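The chains referred to below are lettered A, B, ... by the order of the sequence lines, with proteins before strands, and numbering in each begins at 1. Keep in mind it's a predicted model, so treat the numbers as computed, not measured.
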There are 4 protein chains.
Amino acid sequence: MARGNTRQRIQDVALELFAEQGYEKTSLREIAERLDVTKAALYYHFKTKEDIIVSLFEDLTQPIDDLIAWAEGQPRTLETKTEVLRRYQAALTGAEPLFRFMQENQATVRELSIGLTFKERLLTLVGLVQEPDLPMTDRVRCISALFTMHAGTFFMQNVEGDPEEKREALLEVAVDLVTQAQRGPGSSPQ
Amino acid sequence: MARGNTRQRIQDVALELFAEQGYEKTSLREIAERLDVTKAALYYHFKTKEDIIVSLFEDLTQPIDDLIAWAEGQPRTLETKTEVLRRYQAALTGAEPLFRFMQENQATVRELSIGLTFKERLLTLVGLVQEPDLPMTDRVRCISALFTMHAGTFFMQNVEGDPEEKREALLEVAVDLVTQAQRGPGSSPQ
Amino acid sequence: MARGNTRQRIQDVALELFAEQGYEKTSLREIAERLDVTKAALYYHFKTKEDIIVSLFEDLTQPIDDLIAWAEGQPRTLETKTEVLRRYQAALTGAEPLFRFMQENQATVRELSIGLTFKERLLTLVGLVQEPDLPMTDRVRCISALFTMHAGTFFMQNVEGDPEEKREALLEVAVDLVTQAQRGPGSSPQ
Amino acid sequence: MARGNTRQRIQDVALELFAEQGYEKTSLREIAERLDVTKAALYYHFKTKEDIIVSLFEDLTQPIDDLIAWAEGQPRTLETKTEVLRRYQAALTGAEPLFRFMQENQATVRELSIGLTFKERLLTLVGLVQEPDLPMTDRVRCISALFTMHAGTFFMQNVEGDPEEKREALLEVAVDLVTQAQRGPGSSPQ
DNA sequence: TATGAATGAGGGTTCATTCAT
DNA sequence: CATGAATGAACCCTCATTCAT
């Protein structure tokens with residue numbers, strides 16, 4: 001019935017299963033069965049199992065690269081930084097299963113070559129919200145800001161409360177951390 | 001030569017390989033080969049592959065349970081909370097490979113029954129550094145504090161600087177976050 | 001651009017690959033890719049993979065059948081025999097890749113039904129250069145004559161020397177063998 | 001019942017099937033079934049399918065290396081050369097299925113790394129029955145001598161006659177060729 | 001304490017082939 | 001003439017696990 005969109009359907013089902021059970025524990029047979037096609041059909045659309053996952057990452061990488069590119073063209077003000085955090089959270093929310101998968105399968109992702117690339121991107125992002133030559137404490141604050149949103153997004157699901165409210169709280173704390181780092185040493189509230 | 005310590009050696013090698021390559025990608029053959037014994041020998045010491053990993057987690061769980069028990073017997077002052085964070089960081093540092101493994105193989109750990117248990121423990125820990133009925137923002141701060149140390153410990157390896165200094169910075173930021181949360185409602189715009 | 005010659009191009013590429021890697025190790029995908037068409041396109045020109053190889057053999061069989069037919073119409077003199085060897089060598093040289101393929105993939109060719117046919121043809125050829133009722137030694141000489149050219153053609157590539165000179169030497173030795181067999185029993189140099 | 005000899009039995013069955021159907025067309029399933037064991041059992045004894053075939057070749061290589069070593073220690077007389085041929089024929093006869101396999105699966109063997117090695121050995125053998133600086137014709141005679149026995153051994157099965165008698169005839173012709181080459185240029189009966 | 005030998009299930013991958021368009 | 005999409009069968013291989021010794 002549906003046709004021409006098989007590639008997309010493979011990606012969807014694969015992501016769902018990868019996120020649910022992990023990459024290694026998800027077999028191509030499983031993916032194929034859920035799509036009601038043969039394993040061999042998958043190979044018409046993707047050269048290897050790894051190719052499937054890599055294709056998913058490419059879809060993810062783009063928004064982040066866009067964000068980095070945008071930020072690099074802006075003045076490094078608090079407003080820009082806040083906006084970076086806001087957009088990063090949006091990206092996280094928009095591609096939640098993928099990010100969840102990435103967070104929960106780092107050991108796998110690491111061998112994917114794209115894995116390192118992602119860590120680099122995260123470091124780049126950190127660089128964009130922090131001033132140069134900051135004391136270590138403030139650099140940690142910036143890293144913490146990103147992690148708060150990153151990990152928090154997933155961990156907070158175990159916490160009761162309105163999702164929207166939780167998201168806002170995460171962003172607020174992250175912005176707060178970056179703000180404190182912005183003021184630099186000596187200005188932390190006594 | 002060495003004798004009676006085979007069980008321990010299996011655990012050591014297993015942890016090392018699990019942390020390096022992930023649980024699913026590490027085969028018993030690999031572990032056995034590195035120990036220069038047969039796969040069958042492993043089965044003398046552990047009933048299944050999962051048993052090996054579970055045994056590792058038990059070694060990890062104890063210190064955290066001790067920490068929780070200790071904290072529950074203390075007054076919930078800032079000093080106590082700071083000490084909780086300090087001790088948690090010590091636990092992290094002392095069992096780094098295991099924590100790293102846990103962080104990078106969540107998808108696997110999740111199915112281990114012990115996995116949920118660990119998330120619960122982390123939530124308990126969060127509860128111990130936060131006052132009841134805190135506004136969402138401050139609850140996020142407490143979560144963030146733990147995550148900062150947790151993820152930071154591993155991520156900071158990609159950042160230049162003296163390890164000791166980095167550790168201290170992580171702790172400081174974490175304590176800072178808890179402190180801010182401590183002041184609780186009334187000090188943040190209500 | 002080129003048109004109508006696709007069938008020929010398939011044969012060319014197939015032969016090249018079969019000769020290089022063997023029949024079983026050469027996939028239709030490979031052939032198709034090298035021609036920059038789809039696998040399905042091959043099926044427009046050939047009903048099966050085996051059909052491709054059979055078509056190649058047919059092109060080869062003809063010259064040999066012609067040679068046999070010609071020889072059967074000649075008096076069985078030394079001149080005729082020499083000419084048979086000369087023409088056989090010419091056929092070998094002219095269709096080198098195919099003969100090489102045949103020599104190196106006998107196990108495959110054997111199941112091709114055409115395979116037996118070829119061995120028969122070779123035996124027929126042997127019959128044409130040998131007198132009836134020859135002693136075993138002289139029959140071996142005739143077989144040896146054919147083999148010398150056959151295998152020699154390929155093996156001699158590993159030997160240094162001018163190709164033309166090598167070819168002539170092969171023919172000379174083959175003719176020599178047949179000549180010795182011609183003289184029959186009792187005449188071999190004691 | 002039988003035990004401890006499984007490795008040997010695998011080799012036997014594998015050789016039989018490889019010789020009969022070719023290497024690529026013989027599946028491990030087939031080998032396993034014929035031995036009434038699981039495919040996995042094969043992998044206990046051999047690391048890969050290729051390993052099986054390589055192990056077969058090693059068993060073959062030894063006698064030839066021995067022959068080469070022996071010949072190199074002898075004076076290069078006609079007697080020695082005759083003995084080389086005789087022993088080579090003995091080796092051929094003793095490991096017939098393997099040689100047959102090798103002859104009929106050259107395309108496969110070629111990629112086996114051991115393949116080239118074998119051609120080298122054959123060239124070495126040729127060197128041992130020929131004087132240095134022989135004219136091309138006589139070098140061809142020496143090559144022809146080896147090929148006569150080599151290919152002849154298998155091809156002669158299609159020829160009627162007592163096997164023993166055929167074998168003797170092959171050897172006689174081979175010795176004859178080497179003898180003619182020995183006398184060198186100018187001595188061949190015109 | 002350990003090993004040698006084997007198993008059953010399943011993994012990812014490739015192949016020749018088909019057929020509607 | 002040719003392609004895009006898919007299939008079914010088979011392939012080699014690896015794994016966790018077992019058990020007699």
Side chain of [X] (C-beta onward), nearest among [options]:
| X | options | value |
| --- | --- | --- |
| D:Ala40 | E:dA2, E:dA6, F:dT14 | F:dT14 |
| A:Thr38 | F:dA6, E:dT3, F:dC12 | F:dA6 |
| B:Val37 | E:dT13, E:dT3, E:dA6 | E:dT3 |

Approximate separation, where rounding is to 0.5 Å, of [X] [atom1] and [Y] [atom2]:
| X | Y | atom1 | atom2 | answer |
| --- | --- | --- | --- | --- |
| D:Arg34 | D:Thr26 | CZ | OG1 | 9.0 Å |
| A:Phe46 | A:Leu42 | CZ | CG | 8.5 Å |
| D:Glu111 | D:Tyr23 | CD | OH | 11.0 Å |

I want to confirm an ordering. Mapping B:Tyr23 and A:His45 to their closest nucleotides on DNA chain F, which one lands closer to the 5' end?
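Looking at DNA chain F, the more 5' nearest nucleotide goes with A:His45.
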
For B:Ser27 and D:Lys39, find the nucleotide of DNA chain F closest to each by heavy atoms; which residue's nucleotide sits nearer the 5' end?
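The residue closer to the strand's 5' end, by nearest nucleotide, is D:Lys39.
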
Is the phosphate of E:dA16 approached by C:Thr48 (side-chain N or O, under 4.0 Å from OP1 or OP2)?
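No, no such contact exists.
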
Would you mind reading off the distance between B:Tyr43 atom OH and F:dT21 atom P, rounded to a whole angstrom?
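After rounding, the reported distance stands at 21 Å.
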
Atom pair distance, as rounded to whole Å: CZ in C:Phe46 and C1' in E:dT18:
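About 18 Å, once rounded to whole Å.
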
Going by purine N1 to pyrimidine N3 plus the second Watson-Crick contact, or the G-U wobble pair, all under 3.5 Å, which nucleotide sits opposite F:dT21?
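Paired with E:dA2.
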
Closer to the 5' end of DNA chain E via nearest nucleotide, is it B:Leu42 or C:Glu24?
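Looking at the nearest nucleotide for each, B:Leu42 comes out on the 5' side.
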
For C:Lys47 and for A:Arg29, find the nucleotide of DNA chain E with the closest heavy atom, then tell me which residue's nucleotide is more 5'.
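Result: A:Arg29.
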
Could you tell me how far F:dT21 sits from E:dT1 if I compare only their P atoms? Round to whole Å.
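Looking at atom P only, E:dT1 and F:dT21 are 22 Å apart.
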
For residues D:Ala19 and D:Pro97, report the shortest heavy-atom separation together with the two atoms involved.
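Smallest heavy-atom distance, with atoms named: CB-O, 3.9 Å.
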
